[in-house]
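Quick notes on the structure that follows.
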Amino acid sequence: MSTHLLKVENVTKVFRYGILGFKFRAVDDVSIVIEDKPMIFTIAGESGSGKTTLAKLILKIYRPEQGRILFMGRDIYRIDDNEYHRCIQPIMQDPYASFNPMQKPIRYLRETARNIAGIRDEKEVEERIAKTLSYVGLNYVDVVNKYPHEFSGGELQRLAIARALIPRPRLIIADEPVSMLDASLRINIINLFKKIKEDLGISFIYITHDLATAYYMSNKIAIMFRGTVVELGDARKVLSNPLHPYTQTLIESLPEPSPKKRRYWMEKKIKFSTYIEEEEFVIKGCKYVFRCPYTIDKCKHVLPPYIKVDDTEVRCWLYEKK
Ligand SMILES: Nc1ncnc2c1ncn2[C@@H]1O[C@H](COP(=O)(O)OP(=O)(O)OP(=O)(O)O)[C@@H](O)[C@H]1O
Ligand SMILES: [Mg+2]
């Protein structure tokens, strides 16, 4: 029996961009482990850092060029698709895009119950749906005849959560699940995730820009930057005591570098901002090198390994054991 629910091992995904088809690594040598106990594992990082691409690799929507992903110790490409998707379910960002406006959401719930959860008996299908809807705070009778436009954004996201729960998965991948909801509704959905974790023992990969909700709900966190995981560890520890210069900037607690260095860094950032993104994706070394106030020569040439500092893993030469 594996002690890991999910293990992502040195995974790389290459895309091409531009008319010349330059290759870049949208996900670059990423390793993460989700232990086999209920937990919320957050992946945070700025736009374009590779969070959704990583989620799609885990969901088997993309296949990695390098590395492998293990679920309960088995390579996910050796697991039958139906079996895998019964165990791992997605919840996406836009609740309105999750449902076809021309079809009643109940139809998706039924299809999920029949095709993914594999329930054959029609009475059981309706029972599983009713029970799951009530668990997420919706009423079967209110849902059954409605079209998507007759629900609020928050209700549609609850329907998406119900759909994900119907197969009784082990892991839910929620990609920016609350970013399109009003602030007042977000906390209810976040609390529902915590409740699902605690009552049903389901783990989450929670993808977000929002470090406040990450701090509130997650057990572990991985900070991504330009395709690499730069820091990984206990969420509260990482967010209250960030080690990587990027994480420090991300949570705006950058310890004061010397004013001269800071000015140099800001000027450099502004000067290079037009093509810096491309450079960051293709550089062989640390991708943060163009923005980092602590850069040394080595950073440009070699991507640092995961270096353990207490229980946190950080990919930064500053922490190299001498
Ligand atoms: N199918 C694709 N083909 C080519 N490039 C892609 C493809 N999907 C994503 N990319 C590029 O890969 C990089 C990572 O994208 P990704 O969507 O994973 O980022 P993200 O962290 O989810 O961003 P956001 O926070 O905006 O959702 C971006 O530069 C994006 O433009
Ligand atoms: Mg994304």
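Counting starts at 1 for both ligands and their atoms, in listed order.
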Protein heavy atom at shortest distance from atom 16 (P) of ligand 1: Thr53 OG1, 3.6 Å

Salt-bridge criterion met for Lys131 and Glu127 (N-O under 4.0 Å): no

For atom 13 (C) of ligand 1, the protein heavy atom that lies nearest, with its residue and separation: Gly48 O, 3.9 Å

Lys308 to Tyr319 six-membered ring, cation-pi geometry met (6.0 Å, 45°): no

Charged tip of Arg63 within 45° of Tyr77 ring normal and under 6.0 Å: yes

Ring-face cation contact, Tyr246 with Arg315, 6.0 Å cut, 45° max: no

Protein heavy-atom partner closest to atom 24 (P) of ligand 1 - residue, atom, separation in Å: Ser47 OG, 3.6 Å

Gly50 N/O to ligand 1 N/O under 3.5 Å: yes

Distance, nearest 0.5 Å, that separates CD1 of Ile91 from OH of Tyr206: 11.5 Å

Within reach of ligand 1, part of Tyr62 (heavy-atom separation under 4.0 Å): side chain

Any protein heavy atom nearer than 4.0 Å to atom 11 (C) of ligand 1: yes

Test item, Gln93 contacting ligand 1 (heavy atom, 4.0 angstrom): no

Ligand 1 atoms in contact with His209 (distance to a heavy atom under 4.0 Å): 25 (O)

Asp121 atom CG, over 12 foreign heavy atoms within 6.0 Å: yes

Spacing of Phe151 atom CZ and Tyr96 atom OH [to the nearest 0.5 Å]: 10.5 Å

Under-4.0 Å salt bridge between Asp81 and Lys60: yes

Those atoms of ligand 1 less than 4.0 Å from some heavy atom in Ala26: 12 (O)

Nearest candidate to atom 2 (C) of ligand 1, where distance is taken over non-hydrogen atoms, out of Phe225, Phe15, Phe24: Phe15

Flag: protein heavy atom within less than 4.0 Å of atom 31 (O) of ligand 1: no

Taking atom 27 (O) of ligand 1 as the reference point, the nearest protein heavy atom with its distance: Thr52 OG1, 3.9 Å

Contact check, Gly45 vs ligand 1, heavy-atom distance below 4.0 Å: no

Residue part near ligand 1, for Met224, under 4.0 Å between non-hydrogen atoms: neither

Under 2.8 Å: N/O/S of Thr52 next to the Mg ion (ligand 2): yes

Candidate with minimal heavy-atom separation from atom 21 (O) of ligand 1, of Arg226, Glu176, Lys51: Lys51

Between Asp199 and Tyr135: side-chain donor-acceptor atoms closer than 3.5 Å: yes

Leu109 side chain near Leu133 side chain, heavy-atom distance below 4.5 Å: yes

